Amino acid sequence: MKMRGTGTVLATAAGIVVLGLLAGRCAPSAPKGAKKGGAQSDIAAAAMKVYVAPGDLDEYYLFSSGGHSGQIFVYGVPSMRHIVTIPVFTPYPGTGYGFDDDSKKMLGEFTWGDAHHPALSETKGDYDGRWLFINDMNGRIARIDLRDFKTKEIVGPIPNVSGNHASSFVTPNTEYALMGSRFSIPIPKGTVAGIDKYATEYKGVVAGIKIDPQTGHMSLGWQILMPPFDYDLGDAGKLASDGWAFFTSYNTERATGKLEVTASQRDRDYIAAVDWRAAEKAIAEGKGDTIGGVKVLDPKKVPGVVYFMPCGKSPHGVDVAPDGKYIIGSGKLAGITTAFNWEKVQTAIRNKDFTGDEDGIPVLKYESIKDAEVPVGLGPLHTQFGPDGYAYTSLFVDSAIAKWKLGTWEVVDKVPMSYSIGHLCAAEGDTVSPDGKWLVGLNKLSHGRHLSVGPSQPESSQLVDISEEKMKLVLDAFTEPEPHYAQMVKADKLHPIEVYPKEENKHPLAVWDVKDAGLTRTGSKVLVKMVEVRSTITPTDFEVKEGDDVTLAITNIEQTTDMLHGLGLLDYNINVVVDPGETKTVTFKAKKKGVYPYYCTNFCSALHQEMQGYMIVR
Ligand code: RUQ
Ligand code: CUA
């Protein structure tokens with residue numbers, strides 16, 4: 001772990017502290033699960049591995065999806081300490097997100113989002129520390145800038161993609177973020193067809209959102225019309241399979257009603273293999289039909305753009321090995337996971353080794369493209385990778401992680417998870433060069449492995465040491481709803497700023513001197529330029545008329561780390577937080593007559609309580 005400042009604490013010293021703590025806790029009542037002798041020293045060894053002494057820093061950032069909280073939670077690994085919450089699809093009063101004009105506009109009509117899969121930007125298949133993308137089920141993708149850990153852009157709802165779950169997986173040079181319809185619907189949106197027409201009139205779409213390599217700006221890339229299946233997860237090919245994207249699909253029965261029964265009839269569903277370079281080219285050539293205002297490629301008219309790889313029924317995750325040579329996917333009720341050989345897939349495509357087609361999309365022959373069925377255990381969902389050819393597969397039904405070897409297909413170890421693991425996340429485990437070291441199991445249940453908090457229980461994320469042959473569970477952490485996927489990146493790849501440099505602030509309403517602060521009126525429009533600096537909000541009072549449209553433009557002129565100021569305006573539901581060097585605006589109607597105090601919400605100095613003022617509405 002990294003040590004900061006002068007307090008260089010030797011690992012052994014930290015260990016002694018931990019041992020001391022453990023010994024202390026053994027009397028009078030031993031901590032749950034602590035045993036004498038060997039087990040005790042196991043706990044001490046585990047504690048030493050994860051202990052990050054006061055003032056020291058973690059080695060990795062873990063960006064964990066907040067699910068339907070619409071946020072991202074940032075943890076340090078190995079401590080698993082929650083460091084910060086990045087609001088993305090949901091207002092977050094803690095940082096004033098969703099209250100100021102810009103973030104409010106970005107959220108649009110939505111006050112929630114269901115975020116599942118964070119994706120760090122990549123260069124040559126490695127995390128480059130620039131951006132973080134995350135999907136929302138409501139057809140959106142967001143981009144967070146890792147320079148300041150702020151959500152900068154939300155695109156969507158994207159036309160035609162309904163229930164964007166198979167997202168936001170990015171390609172190896174961040175050319176595209178993937179999207180897919182979990183719920184096929186009649187398209188364009190707004191078209192109505194009875195559920196009895198599901199098999200013929202409902203459609204799925206898989207898509208790529210184009211990402212500008214310089215700015216990260218997102219725009220529509222390509223869309224492909226797909227049969228009415230449920231497109232569940234995705235991953236981008238890399239190295240050997242670069243240029244391709246993979247999506248799992250279930251309900252290839254095209255069934256309706258009780259899907260747990262009706263969509264489990266066939267033995268196999270599919271992984272769709274999309275040649276995204278071909279899709280990109282076809283769109284550039286103007287191919288495609290306009291649906292919902294967007295060009296959509298029909299595979300019948302653009303052959304070669306997509307193929308189906310049969311896999312175990314009702315698959316969930318699909319994961320591409322670091323060298324891109326194997327594609328891992330399985331039925332989620334099966335006891336095996338299949339390793340597809342990319343070279344065999346290409347050969348099968350070349351030889352037209354098909355068993356048929358689905359709405360014009362060729363179906364490859366399972367036997368021709370698989371290399372192995374690995375007996376990982378029951379309920380395989382997702383796979384991550386280590387640096388040494390090892391793969392780690394989460395087993396929902398067995399509630400465990402299986403470690404196995406690519407190439408020999410041997411299952412070498414298993415570790416139980418508490419409880420019901422979904423995704424898992426290895427250090428840089430989705431890149432061309434995974435780190436090994438740490439693996440986090442993102443579990444769906446915690447079943448009271450924590451102090452009781454009533455019926456609304458958190459989820460659990462468990463840290464597993466994978467630095468040795470045997471996996472070792474070393475820490476329980478509790479996470480808010482709902483950790484789906486997470487990504488873990490080496491901390492030194494990120495270079496966040498700590499203040500917004502004054503010279504970079506180009507906001508047209510910024511004021512840097514208290515004498516420039518104050519009110520200007522244009523008809524019924526009132527602009528109040530405000531300055532925040534310890535320990536005054538300037539102006540300390542202002543007057544407007546009932547019915548005025550008021551814009552407050554607030555600049556925090558501090559250039560000191562951590563010197564945030566806020567502005568809470570009572571009775572008006574206004575709450576803005578301004579970081580050092582930042583300018584934010586908030587616009588509202590002065591619809592209530594009276595005297596309304598405003599104040600700084602972030603405790604900033606000894607005279608923080610004095611940092612207040614009055615808005616008078618006549
Ligand atoms: S999911 S537990 Cu939303 Cu990624 Cu797999
Ligand atoms: Cu500024 Cu408190």
Side-chain angles (χ1 to χ4, degrees), residues 64-70 96 113-119 134-138 163-169 178-180 182-183 230-235 247-248 250 314-319 328-333 337 379-384 393-397 399 401 417 419-425 430 440-445 459-461 479 481-487 530-538 540 554-558 560 562-568 575-580 582 597-613:
S64 191
S65 131
H68 49 286
S69 78
D114 190 356
H116 284 240
H117 309 109
I134 193 160
N135 70 313
D136 164 31
M137 286 291 287
N138 296 289
N164 181 37
H165 187 260
S167 183
S168 62
F169 316 97
L178 306 182
M179 296 187 86
R182 176 160 151 219
F183 314 114
D230 298 56
Y231 299 88
D232 200 18
L233 273 134
D235 199 9
F247 296 89
T248 51
Y250 59 92
S314 309
H316 190 51
V318 54
D319 296 283
I328 314 299
S330 47
K332 58 182 176 272
L333 297 173
T337 192
L381 292 187
H382 299 284
T383 298
Q384 289 267 288
T393 299
S394 62
L395 306 169
F396 181 82
V397 179
S399 193
I401 297 172
M417 284 284 106
Y419 298 89
S420 304
I421 182 174
H423 276 273
L424 72 182
C425 164
D430 194 31
V440 176
L442 299 150
N443 304 328
K444 299 301 184 194
L445 304 171
E459 267 60 73
S460 77
S461 294
T479 43
E482 161 143 358
H484 291 272
Y485 188 35
Q487 284 195 328
M530 303 177 105
V531 168
E532 293 201 313
V533 65
R534 277 162 289 172
S535 301
T536 302
I537 304 173
T538 308
T540 54
I554 311 156
T555 304
N556 174 350
I557 66 170
E558 306 270 2
T560 310
D562 215 3
M563 208 37 75
L564 282 64
H565 299 291
L567 190 120
N575 157 48
V576 179
V577 178
V578 198
D579 295 351
E582 190 179 33
Y598 51 85
Y599 69 102
C600 172
T601 48
N602 292 49
F603 206 110
C604 50
S605 69
L607 296 176
H608 153 80
Q609 290 298 89
E610 280 72 4
M611 203 166 166
Q612 63 179 55

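These numbers were taken from a predicted model, which means no experiment stands behind them. Atoms within each ligand, like the ligands themselves, are counted from 1 in listed order.
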| How about T383 and T393: does a side-chain donor come under 3.5 Å of a side-chain acceptor? | yes
| Near atom 2 (Cu) of ligand 2, which protein N/O/S atoms are found at less than 2.8 Å? | C600 SG, N602 O, C604 SG, H608 ND1
| said: Determine whether H117 and H165 satisfy the following criterion, ring-ring contact (aromatic ring centres under 6.0 Å, His included), listing intermediate values before the conclusion. | reply: CA-CA 8 Å; H117 309 109; H165 187 260; 4.9 Å; yes
| said: Whether the side chain of D235 engages the backbone of D430 through a donor-acceptor N/O pair (distance < 3.5 Å, no angle test) should be reported. | reply: no
| note | Those residues at least two apart in sequence (or on a different chain) that pass ring pair (Phe, Tyr, Trp, His ring centres under 6.0 Å) with Y599 are none
| message | Looking at D114 and D136, would you say the former's side chain and the latter's main chain have a donor-acceptor pair under 3.5 Å? | response | no
| message | Checking D232 against T248: is there a side-chain donor and acceptor pair closer than 3.5 Å? | response | no
| request: Tell me yes or no: between the side chains of N135 and H116, is some donor less than 3.5 Å from an acceptor? | output: no
| field | Proximal protein residues to ligand 1, non-hydrogen atoms under 4.0 angstrom | value | H116, H117, H165, L233, H316, H382, G422, H423, K444, H484
| query | In terms of the angle between their ring planes, are Y485 and F169 parallel, tilted or perpendicular, with boundaries placed at 30° and 60°? | reply | tilted
| said: For R534, give me all partners under salt bridge (Lys or Arg N to Asp or Glu O under 4.0 Å), at least two apart in sequence or on another chain. | reply: E558
